[in-house]
Amino acid sequence: MANAFWCMVEDDRKGTPKKVMAEVIGEATRLAGGDVEAVWLTDTATDDGIRQLGEWGAKKVWLIEGAELAPYRAEVWVPIVAELVAAQSPKAILGPVTSRQREFMARLAARLGVGLAGDCMGLAMDGDKLVGTRPVYAGKLLAKVAWAKTPWLATLRPNVFKPADAQPGQTAAVERPSVQIPAAQLKLVERREEASTGLPELTEAEIVISGGRGMKGPENYVILEELGGIIGAAVGASRAAVDAGWRPHRFQIGQTGRTISPKLYLGFGVSGAIQHLAGMRTSKVIVAVNKDPEAPIFKIADYGIVADLFEVVPQLTQEFKRLLEK
Amino acid sequence: MKIAVLVKQVPDTATQMKVAGTAKAIETAGITWIVSPYDEYAVEEALRIREKRGQVEVVVMSLGPDRVKEALRSCLAMGADRAVHVNDPALAEADTLMAARALAAVIKQEAPDLVLTGRQAIDDDMGAVPAQVAEILGWPCAYWIMEEAIADDGKTVRIGRQVEGGLEIFDVPMPAVLSAQKGLNEPRYPTLKGIMGAKKKEIKDVKASDLGLAAEAPQLPVVALEALPPRPPGRIIPGDVATAVKELVRSLREEAKAI
Ligand SMILES: Cc1cc2nc3c(=O)[nH]c(=O)nc-3n(C[C@H](O)[C@H](O)[C@H](O)COP(=O)(O)OP(=O)(O)OC[C@H]3O[C@@H](n4cnc5c(N)ncnc54)[C@H](O)[C@@H]3O)c2cc1C
């Protein structure tokens, strides 16, 4: 429907929308007051996935299914969605910050000639205009941005927006528009899976544990992973630990790594250099464990323990285990 | 073969950022400016391609005021062959789309076989320009590449792009736009010889009119810049480790409701 708020669906590549979609749909519902539609490009959508989108609040699911749509390629997706935009005139298009939305939304914005606000931490209506709040300079400042025209394109940082409560029984109408699927230019050679840690993805995790140079070596990260397993946390690292080769690059938190906003950040043996803080200072609750009472991370920590992390971590794991078993 | 590298000059990562009086821009006094770190990976990769293949010209391109010459000069000192500087007050408030249009216009004139750039500039942190340049040119694009190898015939490039849970390897027809992720390589430092040599290399100034750009207003104007709201004061939990750990867990559950 014209003037709807669209939500670009991110899925697990197996036909189920990611949990972060509850946040995107929840925010779209608050802003639009109801006209919320999901746009899902995928090679496989499941009925369960469609039901999930409906329960979160999507009134309609624009479903474009085809083998050529996976893996995601911008040159395939962008013309399809641009064509749908031309026909339907949505007011806004929102998506979560993920590897593909980052590129897709930027390219779509260029195709449509409209503004894109990436990585928003706040969205609000000012009269009949949308205003976005986004961190800049790696979260050292916040920029308020507006759009010159519709559709307003924005990506939303995970864990920041309140997720929609699922309403069992609430369903979305499914519409399968007939579209031309353009030929892909990128030819897939292979997909190399990462050895799974069994822990959540860093940028999406509600709890993130970070280990710095104080971890002393790669072999010691197992104690953080054990703790992570108990509390359902992702395990990241400082640049010092990454550059020492203790952890892969994808785990780096900070200005030249991932920016994260988890509900809880726990830093062990991290000094809190400005570039590290830049990547995690918007976390809701920050815990720091460091031997050095002068470590800068204590300046932004909500809770600090000045002690040897190798004493703290095992006891913390035990204590959480006890708490969560109750 | 010709490779274009898009770079942006940004404040040093150690800078404490302040908002200027207008509340729309940053206070620039006292800032040390650097080449955005991700762009350095892009410059490095271009130089490595040249070293591997020979017969490759590396052209760095940037948009911004006079001070940007310094950033271009340091890319030339690393080893790039020449530079193009889009230097026009009309583009002072460019958003990503205006920047992409300007850079795409330079790229069209230069007609490179490949465009490399960083995954994002660490000032706006938008990461939109690589995809937008590609869209304007109608070229394929790959984000967050961790590896790259151009085929011997110079017609395709095999890249690995970082996605959640893994690396996707693609063959991409050239010309194409690639955005570099940390881990692609380790950028070199300029040598003294490089720094001396850079002084003689060409930095061409171009204006919006040279690029045939129509005057336009940003699609995403900045309404205001703000400092972060201060965090509530925290506390150091006293006592021996066992006591402190218990108190921490209790606080996280009962006070902060974080677990
Ligand atoms: C351009 C640029 C970009 C950068 N980007 C990033 C980035 O994205 N992310 C990032 O993290 N950094 C980044 N940095 C690096 C940053 O400046 C710091 O060097 C880095 O964050 C330090 O990591 P660290 O805190 O692990 O190490 P250190 O600063 O060495 O701190 C280690 C801490 O561990 C404590 N410690 C040691 N042993 C123990 C123990 N047994 N128990 C408890 N505590 C202990 C010490 O007291 C110390 O405070 C960047 C730097 C530059 C120049």
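Lettering follows sequence order; numbering is per chain, from 1.
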Open item on the list: What part of A:Thr317 gets within 4.5 angstrom of chain B, counting heavy atoms only: side chain, backbone, both, or neither?
Closed with: neither

- [ ] Give, as side chain, backbone, both or neither, the part of B:Ala100 having an atom under 4.5 angstrom from any heavy atom of chain A.
- [x] neither

Task: NZ or CZ of B:Arg161 within 45° of B:Trp144 ring axis and under 6.0 Å - done: no

Task: Which of A:Ala278, A:Ala307, A:Gly113, A:Ala273 touches chain B most, by non-hydrogen pairs under 4.5 Å - done: A:Gly113

TODO: Heavy-atom distances under 4.5 Å only: say whether A:Ala74 touches chain B with side chain, backbone, both or neither.
DONE: neither

Task: Proximity breakdown for B:Leu225 and chain A, heavy-atom pairs closer than 4.5 Å - done: both

- [ ] Can you tell which part of A:Thr259 gets under 4.5 Å to a heavy atom of chain B, answering side chain, backbone, both or neither?
- [x] neither

Open item on the list: Using heavy-atom distances under 4.5 Å, tell me whether A:Leu202 contacts chain B through its side chain, its backbone, both, or neither.
Closed with: neither

TODO: Compare all side-chain heavy atoms of B:Tyr38 with those of B:Ile122 and state whether any distance is below 4.5 angstrom.
DONE: yes

Task: Sidechain-backbone polar pair: B:Gln9 side chain, B:Arg67 backbone, donor-acceptor under 3.5 Å - done: yes

- [ ] Using the ring of A:Phe251 (Phe, Tyr or Trp, six-membered ring only), decide whether A:Arg247 places NZ or CZ under 6.0 Å from its centre and within 45 degrees of its axis.
- [x] yes

Task: Closest-packed option against chain A by number of heavy-atom pairs under 4.5 Å, given B:Val19, B:Asp240, B:Ile159, B:Leu228 - done: B:Leu228

Open item on the list: Is there a side-chain contact between A:Arg111 and A:Val78 in this structure, where contact means two heavy atoms from C-beta onward sitting under 4.5 Å apart?
Closed with: yes

- [ ] Just give me the residue among A:Val285, A:Thr155, A:Leu188 that pairs up with chain B most often, heavy atom to heavy atom, under 4.5 Å.
- [x] A:Leu188

- [ ] May I ask you to check whether B:Gln219 and B:Asp95 show a side-chain donor-acceptor distance below 3.5 Å?
- [x] no

- [ ] Please determine, among B:Ala224, B:Gly183, B:Ala128, the option with the most heavy-atom pairs under 4.5 Å with chain A.
- [x] B:Ala224

Task: Side chains of A:Ser261 and A:Arg157, donor plus acceptor under 3.5 Å - done: yes

- [ ] Examine whether an atom of A:Val131 lies under 4.5 Å from a heavy atom of chain B, and if so say whether it belongs to the side chain, the backbone or both; otherwise answer neither.
- [x] neither

TODO: Compare every heavy atom of B:Ile259 with every heavy atom of A:Ile231, then report the nearest pair and how far apart it is.
DONE: CG2-CD1, 3.5 Å

Task: Set of residues satisfying salt bridge (charged side-chain N to carboxylate O under 4.0 Å, His left out) with respect to B:Lys8, sequence neighbours excluded - done: B:Asp123, B:Asp124

- [ ] Determine the interplanar angle of the A:Trp152 and A:Trp147 rings, folded into 0 to 90°, and report it as parallel if under 30°, tilted if 30 to 60°, perpendicular if over 60°.
- [x] tilted

- [ ] Examine distances only and state if a side-chain atom of A:Glu319 and a backbone atom of B:Lys246 form a donor-acceptor pair shorter than 3.5 Å.
- [x] no

- [ ] Determine whether the side chains of A:Glu75 and A:Gln185 contain a donor N or O and an acceptor N or O closer than 3.5 Å.
- [x] no

Task: Top contributor to chain A interface from B:Gln120, B:Lys257, B:Gln132 [non-hydrogen pairs under 4.5 Å] - done: B:Gln132

Open item on the list: Tell me which of these, B:Pro11, B:Cys141, B:Ala176, B:Gly239, has more heavy-atom pairs under 4.5 Å with chain A than the rest.
Closed with: B:Cys141

TODO: Below 4.5 Å from any heavy atom of chain B, which atoms of A:Arg134 appear? Answer side chain, backbone, both or neither.
DONE: side chain

- [ ] Heavy-atom distances under 4.5 Å only: say whether A:Leu316 touches chain B with side chain, backbone, both or neither.
- [x] both

- [ ] Measure A:Lys299 against the heavy atoms of chain B and call it side chain, backbone, both or neither at under 4.5 Å.
- [x] neither

TODO: Output the residues of residues 163-174 of chain B for which the shortest heavy-atom distance to chain A is under 4.5 Å, in residue-number order; output 'none' if no such residue exists.
DONE: B:Val163, B:Glu164, B:Gly165, B:Gly166, B:Leu167, B:Glu168, B:Ile169, B:Phe170, B:Asp171, B:Val172, B:Pro173

Open item on the list: Does this structure show an ion pair linking A:Glu103 with A:Arg73, if we count only N-O contacts that are shorter than 4.0 Å?
Closed with: no

Open item on the list: Could you tell me if the side chain of B:Val133 sits less than 4.5 Å from the side chain of B:Trp139, heavy atoms only?
Closed with: no

- [ ] Evaluate the side-chain proximity of A:Arg100 to A:Trp77: yes if any heavy-atom separation is below 4.5 Å, no if none is.
- [x] yes

Task: Closest contact, heavy atoms only, B:Met126 versus B:Thr96 - done: CG-CG2, 3.8 Å

TODO: Evaluate the side-chain proximity of B:Ile107 to B:Pro112: yes if any heavy-atom separation is below 4.5 Å, no if none is.
DONE: yes

TODO: Name the region of B:Pro218, side chain, backbone, both or neither, that has any atom closer than 4.5 Å to a heavy atom of chain A.
DONE: backbone

- [ ] Using modelled atom types only, decide if a donor and an acceptor are shared between the side chain of A:His276 and the backbone of A:Arg239 within a distance under 3.5 Å.
- [x] no

Open item on the list: Counting heavy-atom pairs closer than 4.5 Å to chain A, which one of B:Gly138, B:Gly127, B:Ala121, B:Ala131 comes out on top?
Closed with: B:Ala131

TODO: Please determine, by modelled atom types, if B:Thr13 and A:Gln255 share a side-chain donor-acceptor pair under 3.5 angstrom.
DONE: no

Open item on the list: Shorter than 4.5 Å, heavy atoms on both sides: which option in A:Glu190, A:Glu193, A:Met105 has the most such pairs with chain B?
Closed with: A:Glu190

- [ ] Give the member of B:Arg250, B:Gln16, B:Glu247, B:Glu186 that has the highest number of heavy-atom pairs under 4.5 Å with chain A.
- [x] B:Gln16

Open item on the list: Looking at A:Thr256, is its backbone amide N or carbonyl O close enough to the side chain of A:Gln252 to form a donor-acceptor pair, meaning the two atoms are under 3.5 Å apart?
Closed with: yes

Open item on the list: Need one label for A:Tyr72: side chain, backbone, both or neither, based on atoms under 4.5 Å from any heavy atom in chain B.
Closed with: both

Task: Atom group of A:Val287 that falls short of 4.5 Å from chain B, counting heavy atoms - done: side chain

- [ ] Please flag which part of B:Arg235 lies under 4.5 Å from any non-hydrogen atom of chain A: side chain, backbone, both or neither.
- [x] both

Open item on the list: At a 4.5 Å cut-off on heavy atoms, which part of A:Tyr303 comes close to chain B: side chain, backbone, both, or neither?
Closed with: both

- [ ] Examine whether an atom of A:Arg250 lies under 4.5 Å from a heavy atom of chain B, and if so say whether it belongs to the side chain, the backbone or both; otherwise answer neither.
- [x] both

Task: Basic-acidic side-chain contact under 4.0 Å: B:Arg188, B:Glu44 - done: yes

Open item on the list: Need one label for B:Pro140: side chain, backbone, both or neither, based on atoms under 4.5 Å from any heavy atom in chain A.
Closed with: both

- [ ] Would you mind telling me which of A:Lys263, A:Arg13, A:Glu201 has the largest number of heavy-atom pairs within less than 4.5 Å of chain B?
- [x] A:Glu201

Open item on the list: For chain B, which candidate among A:Ile305, A:Val136, A:Asp302, A:Val306 shows the most heavy-atom pairs at distances under 4.5 Å?
Closed with: A:Asp302

Open item on the list: Using a 4.5 angstrom heavy-atom cutoff, name the option from A:Gln318, A:Glu311, A:Arg322, A:Gln275 with the most pairs to chain B.
Closed with: A:Gln275

Open item on the list: Using heavy-atom distances under 4.5 Å, tell me whether B:Ser251 contacts chain A through its side chain, its backbone, both, or neither.
Closed with: both

